[in-house]
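A short write-up of the structure that comes next.
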Amino acid sequence: MEKKNIDWANLGFNYIKTDKRYVSHYKDGAWDEGALIEDGNVVISESAGVLQYAQTCFEGLKAYTTADGRIVTFRPDLNAERMEASAKRLEMPAFPRDRFLDAVRQVVKANAAYVPPYGSGATLYIRPFMFGSDAVIGVQPSAEYQFRVFCTPVGPYFKGGAKPITIRVSDFDRAAPNGTGHIKAGLNYAMSLHAIMDAHRQGFDENMYLDPGTRTKVEETGGANFLFVTKDGKVVTPKSSSILPSVTRRSLIYVAEKYLGLAVEEREVFFDEVKDFAECGLCGTAAVISPVGKIVDHGKEICFPTGMEKMGPTVQKLYDTLTGIQMGRIEAPEGWIYEIQ
Ligand code: PLP
Ligand code: COI
């Protein structure tokens with residue numbers, strides 16, 4: 001199969017239309033059999049639940065070309081499971097997990113020419129999503145839905161790739177204490193748009209959100225969980241009921257313990273402790289592991305000893321091992337890699 005003529009090495013994290021996408025419609029209490037289609041546009045009622053009351057959730061995962069030329073995805077079962085949780089919290093009908101996996105497989109296979117070659121630095125980002133599509137005007141769930149999957153080749157999420165970024169402590173919250181921070185609801189991202197634009201206007205790459213209840217504990221950023229490394233080499237990652245349970249973070253905890261022999265603590269992390277950590281990174285499908293060099297709290301700077309030029313040694317080891325597993329250079333734990341056939 002011939003690859004598309006794309007400058008893989010210089011891709012950013014942007015939408016590029018690919019050839020095929022998957023759609024299944026929910027109507028009269030059931031999902032139809034679903035199909036691959038070519039049209040990337042969606043036509044729905046002006047009063048659709050998604051347009052009026054933001055009834056939508058999504059997922060994000062990637063396909064990789066391995067060193068030996070296979071195309072694989074990484075733990076898509078966890079995305080299927082998380083999407084089910086998101087759908088339930090938003091009063092949407094869950095799309096069956098086995099069908100989610102099959103839809104992802106079909107979309108990647110149909111767009112194999114867009115899966116970046118091994119070693120190019122790019123990957124294929126896969127976006128499953130669901131939304132209420134029929135007209136509602138009272139505040140209520142839709143009766144009809146679409147489940148869709150499209151994909152797009154992407155490069156690094158943060159400009160500069162693996163260079164450490166600078167983030168600020170945000171005065172805005174991304175989630176409420178008993179809200180929707182733990183699911184992948186579109187509304188969480190709408191909440192973060194003003195905060196991220198404001199951060200960019202002030203020269204920061206991202207926001208660090210604190211817990212919305214007490215504003216004393218570290219939560220996450222707009223699109224990734226935090227990882228810290230202590231001076232004695234322990235990995236620490238925040239635990240909270242209002243952050244997204246990142247597939248990447250859960251995988252890195254395993255990698256740290258089982259592959260690298262590091263101690264890991266998943267616990268509440270107070271902002272006051274952050275100045276004492278040796279390394280900091282953001283982890284997620286899009287972010288992979290992006291090193292953080294500096295955190296600014298209302299003018300007060302926390303500069304990690306790893307500096308602004310390169311990743312710290314432990315974050316680098318985590319990055320190398322995780323991407324090694326994803327690209328087939330390092331043997332994966334049972335069930336982590338799904339080959340697209
Ligand atoms: N946190 C938020 C708010 C996200 O949007 C994402 C991205 O999906 C993550 C964390 C990382 O999650 P994952 O590793 O499952 O991609
Ligand atoms: C992801 O990492 O998949 C995300 O969803 C983060 C961002 C692109 C929203």
Side-chain angles (χ1 to χ4, degrees), residues 11-16 54 56-64 73-86 89 100 104 122-130 149-159 165 167 170 172-176 179-193 195-197 199-200 205-212 218-227 237-256 266 269 280-290 292 318-319 322-323 325-326 336:
L11 284 175
F13 199 87
N14 301 306
Y15 174 78
I16 294 173
T56 179
C57 60
F58 69 100
E59 271 304 321
L61 67 161
K62 283 176 171 173
Y64 311 84
T73 56
F74 181 72
R75 310 191 77 182
D77 52 319
L78 298 186
N79 297 96
E81 185 182 299
R82 192 170 64 190
M83 194 156 185
E84 186 176 307
S86 299
R89 178 64 175 77
F100 177 105
V104 166
T123 51
L124 188 76
Y125 185 71
I126 307 162
R127 174 53 63 86
F129 63 113
M130 251 177 85
V149 183
F150 69 79
C151 61
T152 184
V154 294
Y157 190 64
F158 293 107
K159 281 192 217 82
I165 58 169
I167 63 178
S170 173
F172 302 102
D173 295 324
R174 75 172 276 283
T180 54
H182 61 301
I183 60 161
K184 218 160 159 56
L187 65 92
N188 295 341
Y189 300 82
M191 285 273 282
S192 74
L193 291 177
I196 191 68
M197 292 311 290
H200 287 167
D205 297 296
E206 250 294 0
N207 286 295
M208 169 186 268
Y209 293 103
L210 300 179
D211 72 295
V218 176
E219 291 258 293
E220 59 176 331
T221 67
N225 285 177
F226 276 103
L227 273 182
T237 180
K239 185 174 181 159
S240 159
S241 57
S242 46
I243 65 174
L244 194 76
S246 157
V247 173
T248 314
R249 189 238 310 153
R250 285 180 274 165
S251 304
L252 285 169
I253 288 176
Y254 186 92
V255 164
E266 192 183 354
V269 175
C280 175
L282 303 180
C283 64
T285 298
V288 195
I289 310 179
S290 302
V292 175
L318 288 166
Y319 178 92
L322 179 74
T323 53
I325 290 170
Q326 290 166 336
W336 279 23

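Start at 1 and go down the list; that is how both ligands and their atoms are numbered.
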Arg82 near ligand 1 by a heavy-atom separation under 4.0 Å: yes
Contacting atoms of ligand 2, where contact means under 4.0 angstrom from a heavy atom of Phe58: 5 (O)
Under 3.5 Å: N/O of Tyr125 near N/O of ligand 2: yes
Pair Phe158 + Phe13: ring centers closer than 6.0 Å: no
Check: Leu244 and Lys184 side chains under 4.5 Å, non-hydrogen atoms: yes
Inter-residue atom distance Leu61.CG - Thr73.OG1, 0.5 Å rounding: 6.0 Å
Gly222 neighbourhood, listing ligand 1 atoms whose heavy-atom distance to it stays under 4.0 Å: 3 (C), 5 (O)
Where ligand 2 meets Tyr189 - atom numbers and elements under 4.0 angstrom, heavy-atom basis: 9 (C)
Ligand 1 atoms in contact with Arg174 (distance to a heavy atom under 4.0 Å): 3 (C)
Value rounded to 0.5 Å, distance of CH2 in Trp336 from CD1 in Ile325: 5.5 Å
Tyr209 vs Glu219, side-chain hydrogen bond (donor to acceptor under 3.5 Å, both in side chains): CA-CA, chis, key distance, verdict: CA-CA 6 Å; Tyr209 293 103; Glu219 291 258 293; over 6 Å; no
Closest approach of any protein heavy atom to atom 16 (O) of ligand 1, naming residue and atom: Thr285 OG1, 2.5 Å
Any N/O pair Tyr157/ligand 2 closer than 3.5 Å: no
Identity and distance of the protein heavy atom lying nearest atom 6 (C) of ligand 2: Gly223 O, 3.7 Å
Close side-chain approach of Asn207 and Thr221, heavy atoms under 4.5 Å: no
Top protein contact for atom 1 (N) of ligand 1, by heavy-atom distance: Glu220 OE1, 2.5 Å
Contacting atoms of ligand 1, where contact means under 4.0 angstrom from a heavy atom of Tyr189: 2 (C), 3 (C), 4 (C), 5 (O)
Heavy atom of the protein closest to atom 9 (C) of ligand 1 (residue, atom name, distance): Gly223 O, 3.5 Å
Ser246 N/O under 3.5 Å from ligand 1 N/O: yes
Per-atom contacts, ligand 1 versus Asn225 - under 4.0 Å to a heavy atom: 1 (N), 10 (C)
Whether Ser192 lies under 4.0 Å from ligand 1, heavy atom: no
Polar proximity ligand 1 side, Asn79 side, N/O cut 3.5 Å exclusive: no
Check: Ala286 N/O within less than 3.5 Å of ligand 2 N/O: yes
Sub-4.5 Å side-chain heavy-atom contact between Lys62 and Ile126: no
Pair Asn188-Thr180, side-chain hydrogen bond (donor to acceptor under 3.5 Å, both in side chains): steps then yes or no: CA-CA 7 Å; Asn188 295 341; Thr180 54; 2.7 Å; yes
Check: Pro245 N/O within less than 3.5 Å of ligand 1 N/O: no
Side chain proximity check, Glu220 to Arg174, heavy atoms < 4.5 angstrom: yes
Contact with ligand 1 for Glu59, non-hydrogen, under 4.0 angstrom: no
Any side-chain heavy-atom pair of Ser251 and Phe74 under 4.5 Å: yes
From Ser86 atom OG to Met130 atom CE, the distance as rounded to the nearest 0.5 Å: 9.5 Å
Beyond-backbone contact of Thr248 with Leu322, side-chain heavy atoms, under 4.5 angstrom: yes
Pro156 to Leu11 - nearest heavy-atom pair and separation: CD-O, 3.5 Å
Ligand 2 contacted by Glu59 (non-hydrogen, < 4.0 Å): no
Salt bridge flag under 4.0 Å for residues Arg82 and Glu59: yes
Where ligand 2 meets Lys184 - atom numbers and elements under 4.0 angstrom, heavy-atom basis: 4 (C), 5 (O)
Nearest protein heavy atom with distance in Å, relative to atom 8 (O) of ligand 1: Lys184 NZ, 2.8 Å
Residue part near ligand 1, for Ala224, under 4.0 Å between non-hydrogen atoms: backbone
